[in-house]
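Down below is the structure, laid out as structure tokens.
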Amino acid sequence: MRPSNLFIYGLTGTGKTAVAKFVLKRLGIKGSERGVRIYWVYVNTRIENTSYRVLSRIGEHLGVRIPFTGLSTAEVYRRVMSAMDSRSSIVIIVMDEIDYMVKREGDEILYRLTRANEELGSSRLSIVGITNDIKFVETLDARVRSSLGEEEIIFPPYNAQQLRDILMERARIAFKPGAVGEDVISLCAALAAREHGDARRALDLLRVAGEIADREGSDKVLEEHVYRARNEIERDRASEIILTLPIHGKLILYSIVKILEDGREATTGEIYLTYREIARKQGLEPITQRRASDIISELDMVGIISAITVNRGRYGKTRIIKLQVSPEVILEALKADGISD
DNA sequence: AGTCCACCGGAAAACATGGCAA
DNA sequence: TTGCCATGTTTTCCGGTGGACT
């Protein structure tokens with residue numbers, strides 16, 4: 001008997017991944033109690049975002065060694081299938097953030113995997129897809145959609161009250177009695193609820209607020225600490241992103257800061273000109289404007305800057321860039337790379 | 001009504017890198 | 001070694017595009 005394929009929807013921080021992993025772990029234990037071998041593989045397709053890598057990840061779990069590049073995808077598929085077949089067991093593949101992979105290379109691989117049971121002799125394969133994009137399923141091929149959606153589960157976002165309960169529970173375990181007041185919990189819950197009920201966000205907020213209170217020798221967590229925690233989380237996130245930017249990305253970001261400092265308007269062309277100067281000074285070959293434009297989009301996507309397209313008629317169409325993070329944070333992060341004047 | 005700016009953003013292709021298999 | 005395959009980044013090429021200006 002093969003377990004049904006399953007589709008799970010829900011926004012970030014609603015516990016989809018945690019629940020899936022928990023249930024599968026239990027299932028594995030139950031299985032071995034009853035003498036059924038169950039293998040399950042968890043793949044996050046945002047990170048392993050090609051069918052090649054997803055397959056090799058599955059293979060890895062089944063004990064097949066697959067080089068991280070070099071083979072044709074068809075070959076990897078064949079190896080994984082034969083490994084699966086020789087196991088005579090139930091294999092469950094969990095694909096988290098499945099929409100990322102499908103957006104990149106279509107649903108071909110899903111189709112093949114859902115049909116794989118016909119190729120397999122003694123083993124059974126089922127697929128669990130997780131996504132936070134509800135509309136995603138509609139973009140799938142009808143055959144894939146129907147077989148993947150044999151069962152569906154929806155995780156609704158948490159409301160402020162539920163977040164409060166979660167935080168309360170956590171606070172009871174992690175803090176001394178009385179250290180966290182009702183007001184602080186409510187504040188964390190409210191701030192997180194505003195961001196579509198992300199429980200992870202709420203917990204981070206409470207934790208960091210606690211750390212701040214602790215650092216300052218306060219034996220109670222205050223609302224002020226929560227606000228500061230929010231800023232700190234934001235700042236850490238920003239500098240983390242900036243630090244891991246490729247060198248040209250850093251230079252472009254630096255150019256944007258410079259232009260805005262001069263009180264000029266940061267348009268794509270302006271940025272590119274400034275960037276090119278700076279790159280030359282650093283003895284680097286500048287990248288093309290096309291590429292620079294992509295980097296600007298990337299910076300926009302991760303939320304470091306915001307870019308809005310404007311039409312200025314006779315004076316062309318361009319994007320005007322604003323910073324979403326304070327320039328001090330950016331300059332400080334860039335300084336670590338020796339980018340400064 | 002039509003021009004034309006200053007870009008946008010898609011597509012293809014080049015290039016670099018790394019690896020298997022025979 | 002040679003040929004094939006995959007990934008990721010950047011370049012090259014180029015068809016749009018919205019609205020101020022003529």
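For clarity, every value in this text was computed on a predicted model and none was experimentally measured. Order of the sequence lines sets the chain letters (A, B, ...), proteins ahead of strands, with each chain counted from 1.
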Could you tell me whether the side chain of A/T45 and the main chain of A/E97 form a donor-acceptor pair under 3.5 Å?
yes
What integer distance in Å separates A/I271:CD1 from B/dA6:P?
16 Å
Is any side-chain heavy atom of A/Y39 closer than 4.5 Å to a side-chain heavy atom of A/M84?
no
Would you indicate, yes or no, if B/dC8 has its OP1 or OP2 atom less than 4.0 angstrom from a side-chain nitrogen or oxygen of A/S293?
yes
What is the distance from CD1 of A/I308 to C1' of B/dC8, rounded to the nearest Å?
15 Å
Test item: A/D294 and A/R291 side chains (from C-beta on) under 4.5 Å apart, heavy atoms
yes
It should be established whether A/T318 places a side-chain nitrogen or oxygen under 4.0 Å from OP1 or OP2 of nucleotide B/dC5.
no
Protein-nucleotide distance (A/L55, atom CG; C/dC5, atom C1'), rounded to Å:
15 Å
Protein-to-nucleotide contact annotation, 5' to 3' order, nucleotides 9-22 of chain C [B base; S sugar-phosphate only; - none; under 4.0 Å, heavy atom]
-SBBB---BBBBS-
Side-chain donor or acceptor of A/E277 paired with backbone N/O of A/T274 under 3.5 Å
no
Could you check how far CZ of A/R78 sits from P of C/dC5, rounded to whole Å?
15 Å
Using whole Å, what does the distance between atom P of nucleotide B/dC8 and atom OH of A/Y272 come to?
12 Å
Taking the side chain as every heavy atom from C-beta outward, state whether A/L206 and A/V184 have any pair of such atoms under 4.5 Å apart.
yes
Considering only heavy atoms from C-beta outward, does the side chain of A/Q324 approach that of A/I304 to under 4.5 Å?
no
To the nearest 10 degrees, what angle separates the axes at the start and end of the helix from B/dA1-C/dT22 to B/dA22-C/dT1, five pairs each?
20°
When you compare the side chain of A/Y254 with that of A/I278, does any pair of heavy atoms fall below 4.5 Å?
yes
Between A/R230 and A/E234, does any NZ, NE, NH1 or NH2 come within less than 4.0 Å of an OD or OE carboxylate oxygen?
no
